[in-house]
K.L.:
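Structure in structure tokens, see below.
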Amino acid sequence: MVRSKELDQLAINSIRVLSMDAVQKANSGHPGTPIGAAPMAYTLWSEVMKHNPGNPNWHNRDRFVLSVGHASMLIYSLLHLFDYGLELEELKNFRQWGSKTPGHPEYGHTVGVETTTGPLGQGIATAVGMALAEAHKAARFNRPGYPIVDHWTYTMLGDGCMMEGVASEAASLAGTLKLGKLIAIYDSNRISIEGDTDLAMTENVGMRFEAYGWQVLRVEDGNDTEAVKKALEAAKAETSKPSLVIVKTQIAYGTPLAGSEKTHGNPLGAENVAKTREYFNWPLSEAFAIPQEVYDYMAEQKTALAESENEWNKLFAEWEKEYPELAAQYKSEMAGDLPDLASDPDFWNFSGQLAPRKASEMILTMLGNKLPNFIGGSADLAHSNYSEMQGIDWLSPENYAGRNIHFGVREFAMADIVNGLILHGGLFAYGATFLVFSDYQKAAIRLAAIMNLPSIFVLTHDSIGVGEDGPTHEPIEHLTALRATPNVTVWRPADGKETAAGYILALSRKGPTAMALAKQNLITLDESGPIAMRGGYILKDTPDPQALIIATGSEVEIAVAAYEQLKERGINVRVVSMPSTEVFEEQDEEYKAQVLPASIKARVAVEAGATMPWCRYVGLDGEVVGIDHFGASAPAPVLFREFGFTPENVVAAVERVIAK
């Protein structure tokens, strides 16, 4: 196609007009950034980025992450103009019920949106995961003359993203890993909600990123599209380190409120919208009206962009012919294929005493051997939470094909990077830390839940069983917080077999799984196994039980000991192991009634965590043996005794509920 500077400028101004019109109509939104950043975003999508609007899911497309998610009309305008199938009517319904244009971009809801963004800083962290996935899969599948995996990850971020700690965590790791195909474009308009960024951030961001090991490039005028293009080309020329392109822009450029924080999160107002049209010599006065010549020009671009995929398809066919087994593996991984792991006896072969965190290591290693696209690591706790896949290489700049990752002490960024690895496609991923530090990860776990990603968060040291490290490291409220988060599956296993059940389910579930794993050794339960995949099951039973004991994790063996004592006293009880309330609630009503008969009102739940989640199961007549205060520093057996997690205390609770 023949490029036209005049039409390019008209397309840029189309983004501006659509953005301000949509926010004005909704009477809600953020017009300033889309208007100011339109030139660089359009230049990226039009002249630099490799993508095919006709096939948004093309494997080898460049990824674009709008980290500054409140500028959502920027990406919606791009998706509309490049004809990704986002109709003008959707832009007119910006932020309205049922539209494809919500206030912040949502993965799986709007075509072309690579990840859900909005909470600042998480976009760039997720982009690091995508770039890491590209480097990893390229190392595994590319062969001389066949760059099958060969694409870039771009992320656009703003001043707010630069203030968030997660962005720094992720950028530091990206520099360490030398992710040279990651390019961050910094829209430096120096404005935040409260005013000029000098109010809260006076640092030299470029020097910070240079210290991280990034290449830093600068564009003094964000309206200079030639300078933007040259900077992006220079960024692509440096493949030994990630690049930050700092572009100076003016928020709401061309509007009467240009440079004002008032344009950050408020409509411009009808009068200012009209004056902005005049400033840009916009030929049409009607809201959302775009000249037909722009649409015609964009149609030409769409056709030209499709050629990249056509060329890749030809290359892929040649590669597949020369490397058929490799191509078959690639196709299988990108399709998300999984073997029938539940029928594999290796996953159920546990005996004796074993800590779930240690069983987890064994299972992670098995998964690593059986799934060549299983990847993950720990936030510098691999030796404590046993999260290393044994016998599998560590990933490094010298070996991107490795699958064990050193995330460093970066729990929040790790969680977002895990999400990014999965969003890229073709990988199963996990990240490990202590359960108490899930607080650091919560925002990323929440995004995984919103996106229904099967991210696996391995969270060991799951209770007061942490012991001598004391209350700062002993989770109390964390299981409750995770269970309260929609789409999150909490899995707290009692032994190795229940641990295996959790991992097998986690790989194929919609939404993330939090594997809450005990530090201490636990007995292997004869009755556990694949039945645990139902989330809750009858572990011990007697004829006509008078009461139910429901327990999870390390407290299951306490419940079993209480069961034996009650049996000696002639009291019939049933013990139910419930590693996951979420999975149990998905079972059919007949099964749930069989495990927890409504006729048995005498119920005791036992879990070394907050009591709140168990009220739904024990009812008004039941009791919960739990802990609603912080822990203490002492050996674990002492803490369990002092805080009432003993068979004798459970027996007493059962006797009380029976007597009611």
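Note that the numbering runs from 1 along the sequence shown for the chain.
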K.L.:
Determine yes or no for a side-chain-to-main-chain donor-acceptor pair under 3.5 angstrom, with N204 supplying the side chain and M207 the backbone.
P.N.:
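Confirmed, N204 side chain pairs with M207 backbone.
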
K.L.:
Is there a donor in the side chain of S240 and an acceptor in the side chain of E238, or the other way round, less than 3.5 Å apart?
P.N.:
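Yes.
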
K.L.:
Under a 3.5 Å distance rule, please check whether K25 uses its side chain to pair with a backbone N or O of K92 as donor and acceptor.
P.N.:
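Here the side-chain-to-backbone pair exists.
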
K.L.:
I would like to know whether M162 and F209 meet side-chain contact (heavy atoms from CB on, under 4.5 Å); could you show each step before the answer?
P.N.:
CA-CA 10 Å; M162 286 301 187; F209 272 72; 3.5 Å; yes

K.L.:
Under a 3.5 Å cutoff, is there a donor and acceptor pairing between the side chains of N189 and Y253?
P.N.:
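Side chains of N189 and Y253: no pair found under 3.5 Å.
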
K.L.:
Tell me if a side-chain donor or acceptor on T249 pairs with a main-chain N or O of G222 at a distance below 3.5 Å.
P.N.:
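Checked: no pair found.
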
K.L.:
How about Y154 and L66: do any of their side-chain heavy atoms sit closer than 4.5 Å?
P.N.:
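Result no, sub-4.5 Å side-chain heavy-atom pair not found.
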
K.L.:
Is there a donor-acceptor contact under 3.5 Å linking the side chains of S46 and R3?
P.N.:
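There is such a pair between these side chains.
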
K.L.:
Is the shortest heavy-atom distance from the side chain of L74 to the side chain of M156 under 4.5 Å?
P.N.:
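They are in side-chain contact.
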
K.L.:
Have R95 and S28 got a donor and an acceptor in their side chains that come within less than 3.5 Å?
P.N.:
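Present: a donor and an acceptor within the cut-off.
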
K.L.:
Might you point out which heavy atoms bring D150 and K50 nearest each other, and give the distance in Å?
P.N.:
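Closest approach of D150 to K50: O-NZ, 2.6 Å.
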
K.L.:
For the residue pair D159 and S188, establish whether any side-chain heavy-atom pair is separated by less than 4.5 Å.
P.N.:
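Yes, close enough: below the 4.5 Å cut-off.
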
K.L.:
Let me know which of H70, H264, E261 forms a side-chain contact (heavy atoms from CB on, under 4.5 Å) with I193.
P.N.:
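Passing option: H264.
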
K.L.:
Any donor-acceptor pair under 3.5 Å linking the side chain of T110 with the backbone of V113?
P.N.:
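Between the backbone of V113 and the side chain of T110 there is no qualifying donor-acceptor contact (under 3.5 Å).
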
K.L.:
List the steps, then state whether ring pair (Phe, Tyr, Trp, His ring centres under 6.0 Å) holds for F64 with H51.
P.N.:
CA-CA 10 Å; F64 174 76; H51 60 121; 9.3 Å; no

K.L.:
Take atom CD in E286; do more than 12 heavy atoms of anything else shown fall under 6.0 Å from it?
P.N.:
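For E286, atom CD is not crowded (no more than 12 foreign heavy atoms under 6.0 Å).
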
K.L.:
Within the 3.5 Å criterion, strictly below it, is a donor on R208 or S168 matched to an acceptor on the partner's side chain?
P.N.:
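Looking only at side-chain atoms, S168 and R208 do form a donor-acceptor pair, the distance falling under 3.5 Å.
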
K.L.:
Ring centres of Y330 and H59 under 6.0 Å apart?
P.N.:
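When the ring centroids of Y330 and H59 are compared, they turn out to be within the sub-6.0 Å range.
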
K.L.:
Taking G426's backbone N and O only, do any of them form a donor-acceptor pair with N373's side chain (distance below 3.5 Å, no angle check)?
P.N.:
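Indeed, once roles are kept as given, a pair shorter than 3.5 Å links the two residues.
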
K.L.:
If you measure only the distance, is there a donor-acceptor pair under 3.5 Å linking the side chains of K442 and T485?
P.N.:
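Yes - a donor-acceptor pair under 3.5 Å links their side chains.
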
K.L.:
Is it true that atom NZ of K178 has more than 12 heavy atoms of other residues, nucleotides or ligands lying nearer than 6.0 Å?
P.N.:
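No, not enclosed.
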
K.L.:
Can you spot which of V273, L268, L91 makes a side-chain contact (heavy atoms from CB on, under 4.5 Å) with D21?
P.N.:
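For D21, the side-chain contact (heavy atoms from CB on, under 4.5 Å) check succeeds only for V273.
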
K.L.:
If I compare all heavy atoms of P102 with all of E106, which pair ends up nearest, and what's the gap?
P.N.:
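So the minimum-distance heavy-atom pair works out to CB-OE2, 3.3 Å.
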
K.L.:
Looking at every heavy atom in both L120 and V68, which two are closest together, and how far apart are they?
P.N.:
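Nearest pair, atom of L120 first, then V68: CD2-CA, 4.1 Å.
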
K.L.:
Start with the C-alpha gap between N60 and E309, add the side-chain angles, then the distance that decides, and say whether side chain to side chain donor-acceptor pair (under 3.5 Å) holds.
P.N.:
CA-CA 8 Å; N60 204 43; E309 183 177 358; over 6 Å; no

K.L.:
Can you tell whether the side chains of R63 and E134 come within less than 4.0 Å, N to carboxylate O?
P.N.:
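A salt bridge is absent here (no side-chain N lies under 4.0 Å from a carboxylate O).
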
K.L.:
Quick one: do the D83 and Y295 side chains pair a donor with an acceptor below 3.5 Å?
P.N.:
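Note: D83 and Y295 side chains miss the donor-acceptor criterion.
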
K.L.:
Just so I know, are the side chains of L305 and P53 near enough to count as touching, which here means a heavy-atom distance under 4.5 Å?
P.N.:
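L305 vs P53: side chains touch.
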
K.L.:
Passes side-chain contact (heavy atoms from CB on, under 4.5 Å), V111 versus L79? Steps please.
P.N.:
CA-CA 8 Å; V111 64; L79 291 170; 5.5 Å; no

K.L.:
Could you check L423 against L453 for side-chain contact (heavy atoms from CB on, under 4.5 Å), going step by step and ending with a plain yes or no?
P.N.:
CA-CA 8 Å; L423 284 163; L453 298 182; 3.7 Å; yes

K.L.:
Distance-only, no hydrogens or angles: does the T202 side chain make a donor-acceptor pair with backbone N or O of D198 under 3.5 Å?
P.N.:
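Checking the backbone N and O of D198 against the side chain of T202, no donor-acceptor pair under 3.5 Å is found.
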
K.L.:
Would you say the side-chain atoms of S172 and R410 include a donor-acceptor pair closer than 3.5 Å?
P.N.:
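Short answer, yes.
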
K.L.:
Less than 4.5 Å apart, any side-chain heavy atom of S72 and any of P105?
P.N.:
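The answer is yes; the side chains approach within 4.5 Å.
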
K.L.:
First locate atom CG of L173, then atom CG of L179, and finally report the distance between them rounded to the nearest 0.5 Å.
P.N.:
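Answer for the CG-CG pair, L173 versus L179, is 7.0 Å.
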
K.L.:
Give a yes-or-no answer on whether the side chains of N419 and S455 include a donor-acceptor pair shorter than 3.5 Å.
P.N.:
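Short answer, yes.
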
K.L.:
For H424 and H136, test the side chains for any donor-to-acceptor distance below 3.5 angstrom and give the result as yes or no.
P.N.:
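No - no donor-acceptor pair under 3.5 Å links their side chains.
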
K.L.:
Verify the distance criterion only: is there a donor paired with an acceptor across the side chains of N272 and T255 at less than 3.5 Å?
P.N.:
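No pair is found: no donor N or O on one side chain lies under 3.5 Å from an acceptor on the other.
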
K.L.:
Between T117 and G69, what is the shortest heavy-atom contact and its length?
P.N.:
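Taking every non-hydrogen atom into account, OG1-CA, 3.6 Å.
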
K.L.:
Does N404 use its side chain to pair, donor to acceptor, with the backbone of G377 at less than 3.5 Å?
P.N.:
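Such a contact is absent between N404 side chain and G377 backbone.
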
K.L.:
Donor-acceptor pair, N266 side chain versus K262 backbone, under 3.5 Å?
P.N.:
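Yes; at least one donor-acceptor contact below 3.5 Å.
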
K.L.:
Roughly how far, to the nearest 0.5 Å, is CG of N13 from OH of Y279?
P.N.:
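One gets 10.0 Å once the value is rounded to the nearest 0.5 Å.
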
K.L.:
In Å, rounded to the nearest 0.5 Å, how long is the span from CG of L86 to NZ of K100?
P.N.:
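Answer for the CG-NZ pair, L86 versus K100, is 9.5 Å.
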
K.L.:
If only atom types and distance count, is the side chain of Y84 paired as donor or acceptor with the main-chain N or O of L78 below 3.5 Å?
P.N.:
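No, the answer is negative, given that no donor and acceptor are paired below the 3.5 Å cut-off.
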
K.L.:
Between Q96 (side chain) and F94 (backbone), is there a donor-acceptor pair under 3.5 Å?
P.N.:
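Judged by distance alone, yes, a pair lies under 3.5 Å.
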
K.L.:
Cation-pi between K181 and W152: NZ/CZ under 6.0 Å from ring centre and within 45° of the ring axis?
P.N.:
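So K181 does make the cation-pi contact.
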
K.L.:
OH of Y76 to CE of M73: how many Å apart, nearest 0.5 Å?
P.N.:
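Nearest 0.5 Å value for the OH-CE distance: 8.5 Å.
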
K.L.:
Look at atom CZ of R446 and say whether more than 12 heavy atoms of other residues, nucleotides or ligands are closer to it than 6.0 Å.
P.N.:
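For R446, atom CZ is not crowded (no more than 12 foreign heavy atoms under 6.0 Å).
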
K.L.:
How far does CE of M40 sit from CH2 of W45, to the nearest 0.5 angstrom?
P.N.:
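Atom-to-atom, M40:CE and W45:CH2 are 14.0 Å apart.
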
K.L.:
Does a side-chain heavy-atom distance below 4.5 Å link V228 with V245?
P.N.:
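Side chain of V228 against side chain of V245, heavy atoms only: no contact under 4.5 Å found.
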
K.L.:
Of all heavy-atom pairs between V65 and G123, which one has the smallest distance, and what is that distance?
P.N.:
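Where V65 meets G123 most closely, the heavy atoms are CG1-O, 3.5 Å.
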
K.L.:
Can you name the closest pair of heavy atoms from V488 and A449 and give their distance?
P.N.:
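It is CG2-CB, 3.8 Å.
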
K.L.:
First locate atom CG of L182, then atom OG of S243, and finally report the distance between them rounded to the nearest 0.5 Å.
P.N.:
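It is 8.5 Å, given to the nearest 0.5 Å.
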
K.L.:
Run the salt bridge (Lys or Arg N to Asp or Glu O under 4.0 Å) test on E271 and K275 for me, step by step, so that the C-alpha distance in whole Å, both residues' side-chain angles and the decisive distance to 0.1 Å come before the verdict.
P.N.:
CA-CA 6 Å; E271 183 179 345; K275 289 181 178 179; 3.1 Å; yes

K.L.:
Show your reasoning for whether side-chain contact (heavy atoms from CB on, under 4.5 Å) applies to K236 and E233.
P.N.:
CA-CA 5 Å; K236 292 183 69 174; E233 289 173 344; 5.7 Å; no

K.L.:
State whether the number of non-hydrogen atoms from other residues, nucleotides or ligands found under 6.0 Å of E87 atom CD is greater than 12.
P.N.:
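Open.
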
K.L.:
Under a 4.5 Å cut-off applied to non-hydrogen side-chain atoms, are T197 and I191 in contact?
P.N.:
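No - every pair of side-chain heavy atoms lies 4.5 Å or more apart.
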
K.L.:
Can you find a heavy atom in the side chain of I375 that is under 4.5 Å from one in the side chain of L395?
P.N.:
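Contact flag for I375/L395 side chains = yes.
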
